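Read through the structure below, which is laid out as structure tokens, and then see the notes.
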Amino acid sequence: MKLVVTEKNDAAQQIARLLANAGKPKQDKVYDTPVYRFTVDGEEWVNIGLRGHILAPDFARELHYSKKEGWTAVTAEGEILPASLPDTLARPPYDTKRKPFLKDGVDIKGWKVPSLPYLIWAPIEKQPAEKGIIRALKNLAKKADSIVIATDFDREGELIGSDALRQMREVAPDTPVSRARYSAFTKPEIEHAFNNLVDLDQNLADAGESRQYIDLIWGAVLTRYLTMARFGGLGNVRSAGRVQTPTLAIVVEKERERNAFVPEDYWVLSGALAPKGSDDDGFKVTHATARFTDEQKANAAFDHVRDAKVATVTNVERKSRTNKPPVPFNTTSLQTAAAAEGIGPARTMRLAESLYMDGLISYPRVDNTVYPKSLDLKDVVKTLSAVPQYRPVCTDLLSKASLTATRGKQETTDHPPIYPTGAADPDKLEGPAWRLYNLIARRFLATLSEPSVTESTKFSFDVEGEPFSASGTVLVKPGFRAIYPYGMKKDEQLPALEVGDSCDVRKMDLEAKQTEPPARYSQGRLIAEMEKRGLGTKSTRASIIQRLYDVKYLKNDPCEPSQLGMAIIDALTKYAPHITSPDMTAVLESDMTRVAAGEDTQDDVVRHSRTLLSGMIDALIEHKDDLGDAIADAVTADAKVGVCPKCGRDLVMKTSAKNRSSFIGCMGWPDCDVTYPVPSRVKVIPIEGEQGVCPVCGAPRIKCQPFRSRAYEICVNPACETNREPDVKVGECPVCAAAGKHGDLIAHKSERTGKRFIRCENYDVCSVSYPLPQRGELHATGETCPDCGAPIVEVVTQRGPWRICVNMDCPGKEKKAAAKGRGTSRKTKGGSKGTAKSSSKSTSKSASKGGKRSSK
DNA sequence: GCAAGGTC
């Protein structure tokens, strides 16, 4: 039996399909891992797909951190340093007797902390990360007569293959092993690869492993340093890494530019003209000097034209422009295009993964932007014509004798560019999933379509001796724009005018303006910038940006660094500049190339990198307290929501030690006891400037962003006049009624917590109460619930009015939930955390709504 | 409670 090991399940399946020459491959499972059995010229073959890397590098066992002991470097014997270093590693070039960082073995909240200088030189081991796959792999390797490593044809692929081989060698030490190298899933390419097997390139695998080690060493050492410099509490990691830190630096650099920006005054003289005698509002004209930097000159020009009645056309320029259709999508261009449509890169990849698994799009991690010859374009168009929105364009394309597709600059042959492989039903996909599919399908059709032609017109005018101009652009031949409207500008139509025609001057205005600072990066542009600077790969960029948000270095979209993010970059730029620059990646790349070429060894390259970091650790440790203070200040600044109306100190977001809920508290505590509640399940965004102070009570106003609904602003003080709501009678108290007395049920808003709830008017003696939705206008209906007898209230929100029985335990609710839950279970599985949470409420509705909205 | 790289 011949065993073929690929990098992923998808590849195992494709290779089986292409090589089987006696019937279709049979799918089987070995310990839950899918494998494909088939025969080639009478020989039995088995294909197994790994899941990327199956081993993960980590520090030697005694240096592992555990939940119980934290980041300890303490051995079982209480010894700080591991007993011995592997011979291949040099002894650390530092004095082990010197005072270590955060004194070894000192307890910090129960954690023992290792010496960082030592961690740099700590031995690294590779541990199994995919135990199920490894078991299946070994099981098959034992039975195999020969083994072919057929992982992806790149550095990481060679490393994944080498790791797999190491595992197999434990059970099959003598089985012959070879390597298949292919770069496209086509029959000739795969057959050629398997007829011309080579040996595994250990140098290339070593190059990949050096990358793993260097990333781990720098990442772990600097992350531990930043995290321990000022302990931020559980869950507050301050991370650093070869890719994430330079990426953060890019965003911080832009913010610095913005902060250093000095706005300049300029003036714009513009007005409206209309063809003589017409009665429309006219079109916009601007003075030939688009920006006056001299106020006097602007005023002088304005004085000439402010009372003008007539403008004369002095010149007409018409230009027609052909716009080429876009090129096929690869991962990066999909991410940037989706980001422009409001789907962030990380979410795009999650959605793309699930569209791929559902057979709706091709493999989403690809650099290629040229469709392979083997892809039957017409066939894809035929498939897409099943989607009503695309049918007219598909019919049009299918009527052509042949189809020509655009080509991008990057051409690789491992996977085709991202294209639709199935027809989606807008009603069956959730909103964002449909929007992404729609983008991909339309992009595909656009790459096969004609160019679009726009015609732009520029009129020049004379108004009382001052030169003015107007321009407009009109789409005269839609071409690909008929199917691909993304990022399209609106038509600006100008009337038909010729030289010598005159127009009525409708108005003239002089506007004082200021130059704007450079714009922040959108997530899409940040992805593009990372690619430009060689940071990360198509598969990692989205998650790295997400990570920067998760550790609170970045906030908002477009990307804005937090004070914490700026402080981290500040400190690292000073004491470990290497990690903040993309150069580290560039140097690593050239090192890898030398290792792969056999001109350098893994040990040398890793040792050199360790030495470099060693040289920085002294300065870092020396300034640990400065950095700790800077981090603490930055975190406080990030948490600030306003100023205490009582004592004038900062009010910050705090977390209750008791139940981990958030509240706003004064930094002056315990001298000042001012606290305010915060609505639960919302993201709190401080409001800067005057708008952030309540004009009525002086407490801060904040913006609350609930998950997936509209943000609102409130004063944080629940007792404030602006938060007061009149009590509403919503029914009668059943308990009091049973006892023979009368009690109204009142909807009431607490002045202490700001929470709205229903209580019996006899609340001093009667404990009947019900919770209420916290947002929306409340109305009594006078009705009671048929299932439980509790009052029914009406709540009016932005989505419209809805009615609800106020009893949380009402038996009627379970019935409804069960009925709703059934139809949507499929969606909650593949989606994000967020979609899972909101499943029962909004899935069915948002799916159909989203479909209609984006089917332009 | 560490990175970045694969893939799910």
Side-chain angles (χ1 to χ4, degrees), chain A residues 6-12 32-34 49-59 63-73 108-111 113-114 116 119-120 122 124 126 129-130 132-133 151-152 154-164 205 207-228 231-247 331 349-350 352-354 356-358 363-365 415 530 535-548 550-551 579 584-585 588 592 609 613 829-830:
Chain A
T6 67
E7 188 159 320
K8 46 191 168 267
N9 180 45
D10 182 64
D32 262 3
T33 300
L50 306 175
R51 257 185 302 206
H53 292 285
I54 54 170
L55 302 181
D58 208 343
F59 296 115
L63 289 149
H64 273 192
Y65 61 84
S66 68
K67 272 195 179 155
K68 205 171 140 206
E69 297 183 67
W71 280 334
T72 176
I108 296 179
K109 301 216 172 173
W111 292 357
V113 180
L116 277 188
L119 192 66
I120 297 174
I124 292 174
K126 286 181 116 175
E130 295 284 349
I133 297 233
T151 46
D152 291 0
D154 54 28
R155 190 168 64 214
E156 295 295 330
E158 210 71 11
L159 173 58
I160 290 166
S162 158
D163 284 347
E209 200 165 66
S210 319
R211 199 265 319 142
Q212 284 189 322
Y213 288 1
I214 291 171
D215 282 344
L216 173 67
I217 294 162
W218 282 73
V221 167
L222 292 175
T223 300
R224 284 193 194 187
Y225 168 77
L226 293 172
T227 306
M228 302 315 291
F231 185 75
L234 233 67
N236 287 311
V237 183
R238 326 274 187 219
S239 63
R242 173 178 57 85
V243 177
Q244 61 167 268
T245 306
T247 303
T331 304
M349 292 319 285
R350 266 205 316 274
E353 185 70 40
S354 81
Y356 165 65
M357 293 313 266
D358 288 347
Y363 190 70
R365 280 180 290 270
H415 295 283
M530 289 172 78
L535 294 172
T537 73
K538 58 186 182 297
S539 317
T540 57
R541 289 185 195 113
S543 62
I544 281 165
I545 293 177
Q546 187 57 48
R547 168 105 189 133
L548 293 175
D550 290 346
V551 295
I579 196 74
M584 183 169 172
T585 296
L588 183 70
M592 299 304 94
S609 188
L613 181 56
K829 215 169 145 195

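On a predicted model such as this, the values are computed, not experimentally measured, just so you know. In what follows, chains carry the letters A, B, and so on, assigned in the order in which the sequence lines appear, proteins first and then strands, with residues in each chain numbered from 1.
Here A/Arg242 lies in heavy-atom contact (under 4.0 Å) with sugar-phosphate atoms only. Within the nucleic acid shown, A/Thr540 comes within 4.0 Å of at least one base atom, counting heavy atoms only. Using a 4.0 Å heavy-atom distance criterion, A/Gln212 is classed as a base contact. Within the 4.0 angstrom heavy-atom criterion, only backbone atoms of the sugar-phosphate kind lie near A/Gly241; the bases stay farther away. Counting non-hydrogen atoms under 4.0 angstrom, A/Ile544 reaches the backbone sugars and phosphates but no base. Residue contacts shown for A/Ser539 include a base, since a base heavy atom lies under 4.0 Å away. Contacts of A/Gly208 with the nucleic acid, taken as non-hydrogen atoms under 4.0 Å apart, are absent. Among the atoms of the strands shown, only primed sugar atoms or phosphate atoms (P, OP1, OP2) are found under 4.0 Å from some heavy atom of A/Tyr363. Here A/Arg547 lies in heavy-atom contact (under 4.0 Å) with sugar-phosphate atoms only. Nucleic acid contact class of A/Asn9 (heavy atoms, under 4.0 Å, all strands): sugar-phosphate only.
Counting heavy atoms from C-beta on, the side chains of A/Ser239 and A/Arg547 come closer than 4.5 Å.
Closest to the A/Glu7 side chain, of the nucleotides B/dT7, B/dA4, B/dC8, is B/dT7. Listed nucleotides: B/dC2, B/dG5, B/dA4. Nearest to the side chain of A/Glu156: B/dG5.
Scored by the side chain to side chain contact (heavy atoms under 4.5 Å, CB included) test, A/Asn9 finds A/Pro34, A/Tyr36 as partners (sequence neighbours excluded). Shown here are the side chain to side chain donor-acceptor pair (under 3.5 Å) partners of A/Thr537, two or more places apart in sequence or in another chain: A/Thr540.
Between A/Gln546 atom CD and B/dG5 atom C1' the separation is 18 Å, expressed in whole Å. To the nearest angstrom, C1' of B/dA3 lies 13 Å from CE of A/Met530. In this structure, the CE atom of A/Met349 is 14 Å from the P atom of B/dG5, given to the nearest Å. Straight-line distance from the CD atom of A/Glu209 to the P atom of B/dA4: 18 Å, rounded to whole Å. Regarding A/Ile579, its CD1 atom lies at a distance of 11 Å from the C1' atom of B/dA4, rounded to whole Å. Taking atom NE2 of residue A/His415 and atom P of nucleotide B/dG6, one finds them 11 Å apart after rounding to whole Å. The distance from atom CG of A/Asp154 to atom C1' of B/dG5 is 10 Å, rounded to the nearest whole Å. Counting to the nearest Å, the C1' atom of B/dA3 and the CE atom of A/Met584 are 10 Å from each other.
The backbone N or O of A/Arg238 sits less than 3.5 Å from a side-chain atom of A/Thr227, completing a donor-acceptor pair. Not one N or O on the side chain of A/Arg365 forms a donor-acceptor pair closer than 3.5 Å with the backbone of A/Lys538.
Taking 3.5 Å as the limit, the base of B/dC8 and the side chain of A/Glu130 contain a donor-acceptor pair of atoms between them. A donor-acceptor contact under 3.5 Å is not formed by the side chain of A/Arg51 with the base of B/dC8.
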A/Thr151 and A/Glu156: side-chain contact (heavy atoms from CB on, under 4.5 Å), yes or no, with the steps?
CA-CA 9 Å; A/Thr151 46; A/Glu156 295 295 330; over 6 Å; no

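OP1 or OP2 of B/dA4 has not a single side-chain nitrogen or oxygen of A/Arg211 nearer than 4.0 Å. In this model, the phosphate group of B/dG6 is approached by a side-chain N or O of A/Thr537 to a distance below 4.0 Å at OP1 or OP2.
Nearer to the 5' terminus of DNA chain B, by closest-nucleotide assignment, is the contact made by A/Asp215 (compared with the other of A/Met357 and A/Asp215).
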